[in-house]
Each structure stands twice: as C-alpha cells, then as structure tokens.
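First the structure, in the form of structure tokens, and then the observations on it.
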Amino acid sequence: MGKRIYLCLAHMSGAEQGFIQEAFDTNWVVPLGPNVNGFEDDLKRFVGQDREVVALSSGTAAVHLALIACGVGPGDEVLVQSFTFCASSHPVTYLGAVPVFVDSERDSWNMDPDLLEEAIKNRIARTGRKPKAIIPVALYGMPYQTDRIMEIADRYDIPVIEDAAEGFGSKYDGRVLGTFGRYGVLSFNGNKMITTSGGGALICPDTAAKNEIMFYATQARESYPYYQHERIGYNYRMSNICAGIGRGQMTVADEHIAHHRHVCALYRELLEDVDGITLHENPSERYDSNYWLSTVVLDPALHVKGEEDAYGTAVQGAVGGAAGVTHAAGTTHTDCEPNRNVEAMRTALDSAGIESRPLWKPMHLQPVYKGSPSFTNGVSESLFRTGLCLPSGPYVSDEDVRYIVDSIKAALL
C-alpha cells in the first residue's frame, strides 16, 4: 500500500515561518503580541460586516465565552443543534446550564427552524423562561437556514451564537457565516480550513463586546496594581506563536476554500454514475458551503463487500482522525450506529489506505446527554446511520480523489 490519504489535514503555505521567526526574534512568545493583533485584523477584514474578532485558544473556548457573554448560568437552557461535534454543547454544561437539542432539516442537515420554534414555545410553557441562547452549526461547512433561524430568534429576543467552526468562509446569501448572530465561533484546529495548530476565534458585534470577551479570556483581572479578581476568568487567549501561523495561513485561505470546493465538484463528477451513493451539496444558490468535508449518504439497500463482518471486532483506538486518549470499546455495538454497509465501506477504504469516518453522532443520542430535553424528527439519526465523510483537505489531489472513488466502486457488490 502506498501513501495514506487522510480526511483533512491543514496545509502550511511557507509564509508562516516568517511570522513565527519574528515572534522569537522579538521575544513575543506569550498569549498576546503583534501576531495576535495582526491575525485578529486579518480575520476582521475576512469576515467583514464591521465586526470585531478575538483570537482564542480553541473554538470550544469561543463557545464558552460567548455563552458567558449571553448571560448563561446554572439552570438556564440553551438550544443547541443536535447534529454536531460535542464542542457545541459541552460548554453549556461547563456553566451548569442545560442543552436542549434540536434536530436537523434534510436539505442543509442543520438546525430545523420549525423544530426550533416548537422547542422555544415548549420550554417557555414548561419552565416559564425563555432559553438564553441558540446555537446553530455549519455542519461540514454547510450553512444553516440563516434567515429563518434569525427571524425566529429575533421574534423571541434570544441571542444566536453561530457555531461556524467548520464553516470558515462559508456564506449564506453572500454573507460570511458568523456575522448574522450576536456572536460567531471559528476554529483553527489542525484539521480545519486554516489552522493555527490549535486555536479559535470569536466574532463579536462591537468593540465593547470584544473587550468584555478579552477580559474573561485573560483571567478576569480588575485594574489594581495587584491581582484582584471579582469574577471567574479563563486562560483562553491565543499565543503569539500560534497567531503567527494563522497570519501565514490567511495568505492562502481563499486558495484552501477553492480547493475544497474543487474536490467536492470532482467527487460529484466521479460519483455521478454510482447508484445508491448521494453527495451532499448546496441545497440552493443561497447556500455557499466551503465543503470543509465532502460527505456522502449510502442507500441502506446498497451492499458492500464484507458487510456481514461489520462490527465483528471491538475498536481499540481512535477512528477517523480523532486525537487524544480514548477508552477501548467494551462492546462492538451501541444503541445507534452506522449501518453495516457504511461500516463495511469505512473499513474497505481503510484497507486501501484511505481515511474516512461516519458523520457526527447526534448529541441527543449520546449517553452523556440522556437526560437533556430534545426535539427530534429522525433526520440526524437517519443521516448518522447512512453517512460517511471522505478526504477533502489541501493535500488531497485530483489523483487521490479518483483513487478514492475507484476504491468505493471496487467495494460495492
């Protein structure tokens, strides 16, 4: 087997080295400095709409601080898209609040506006209080129904925190995601559209909001000649070194976005004659996804070689690009999992040196959230059972895409 094709790895442009060297030469190796300021300015120009931007240590930190800025505290409820990565919902629990999960609509795979309004009415009736915030997610880069979600949020006067961690550069009606709600979350993890090796940012409505976020991101110190703390703060600021990487990445951001869209278009062309496999694409001209990951759905009736042996062995490590330490699986099955043909396709691609992974398992189906309220319609569960993410990053060449599609075809019965 030759080289391994990874799902999505960020690509270094070469420009990063100059910014990093400058940081070392000037001894700015702390969580502030010229690169941090410059990176924030670059991001501010990129997102437009007269917004301010704070560079942070992660997208998760950005969600956390946005929730604090929206006044979320113990016992409050926050409406969160269920079909997402856990970083959209975990910060709600950090604050002692309760995530209320809202299922997806089938076109964009993102938060269903009808269910959103149903959830708002239900929670007001049940608790006597409005939810404190709404978190829609740009899943795999695809925009949400921004106009309807914002109309509902405005009507009930509930702030929106846009989780555009996967949607850097994606647009709805020509406007960059993260600039519609009160706050917008970006991620620069190592597998994102651009990277700072790890990091994120929060798009803020104005300078006052930016300053408040920076206050909490730098341990919430009061103005005394000694350390005086009257509120709980966090060590969430981005380092000058990481920001230097980000400044270099911004020089190729448009190029990266164009490449991801090209890869998706090539998948469309090469999969056009394959029955039973559907590529997820922009539902209409209003949507302009960055296609951070190209994703497909496998018809349940489609058969794949080896599916009779799917889930035959318990997984012992991370699958699909996950980092860190995982617990070994105690069983081969959970109460909701991808169909056998999806798992068989994943393992067939893995054997061919191609990394793929299932779609996100909806949060309302995660054991850790079994007690949380949810408003579901079956869409995200159906997509989780049938969907697969394909390699899409800057290192994925046209030749790689052809090899991936040939491998998919070879695995079909």
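Positions are given from 1 along the sequence.
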Counting only pairs under 3.5 Å, give me each side-chain donor-acceptor contact of residues 41-49, with atom names and distances, residues two or more places apart or in other chains.
unit_1 : atom_1 : unit_2 : atom_2 : d
D42    : OD1    : R45    : NH2    : 2.5
K44    : NZ     : E52    : OE2    : 3.0

Taking atom types as modelled, find out whether [X] and [Y] have a side-chain donor-acceptor pair closer than 3.5 angstrom.
X: S380; Y: D103; value: yes
X: Y369; Y: S89; value: yes
X: Q81; Y: W360; value: no

Residues, nucleotides or ligands: over 12 heavy atoms within 6.0 Å of [X] [atom1]:
X: K130; atom1: NZ; value: yes
X: D273; atom1: CG; value: yes
X: Y156; atom1: OH; value: yes
X: E272; atom1: CD; value: no

Hey, does [Y] have a side-chain heavy atom less than 4.5 Å from the side chain of [X]?
X: M363; Y: T84; answer: yes
X: Q249; Y: H256; answer: yes
X: I408; Y: I354; answer: no
X: V368; Y: T93; answer: no

TODO: Look at R175 together with D147 and state whether they make a salt bridge at an N to O cut-off of under 4.0 Å.
DONE: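 A salt bridge is absent here (no side-chain N lies under 4.0 Å from a carboxylate O).
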Carboxylate-amine/guanidinium contact D350 R4, below 4.0 Å:
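A salt bridge links D350 with R4.
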*Can you name the nearest heavy-atom pair linking S197 to I245, along with the distance?*
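Smallest interatomic distance, heavy atoms only, reads CB-CD1, 4.3 Å.
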- If you look only at pairs with a residue in residues 55-67, which of them pass as a side chain to side chain donor-acceptor pair (under 3.5 Å), with sequence neighbours excluded?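 Listed by first then second residue: H64-Y236.
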task = Report the residues that fulfil salt bridge (charged side-chain N to carboxylate O under 4.0 Å, His left out) with E151, sequence neighbours left out, ordered by chain and then residue number.
result =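 So E151 forms a salt bridge (charged side-chain N to carboxylate O under 4.0 Å, His left out) with R155.
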How many angstroms lie between NZ in K192 and CH2 in W292, if you round to the nearest 0.5 Å?
->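 The CH2 atom of W292 is 4.5 Å from NZ of K192, to the nearest 0.5 Å.
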Checklist entry - side-chain contact (heavy atoms from CB on, under 4.5 Å) between M111 and V137: does it pass, once the steps are laid out? => result CA-CA 7 Å; M111 183 178 281; V137 181; over 6 Å; no
Residue pair L116, R148: steps toward the side-chain contact (heavy atoms from CB on, under 4.5 Å) verdict
CA-CA 10 Å; L116 170 63; R148 289 201 60 203; over 6 Å; no
message = Tell me if the centroids of the rings in Y291 and Y267 come within less than 6.0 Å of each other.
response =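 Between Y267 and Y291, which both carry aromatic rings, the centre distance is not below 6.0 Å.
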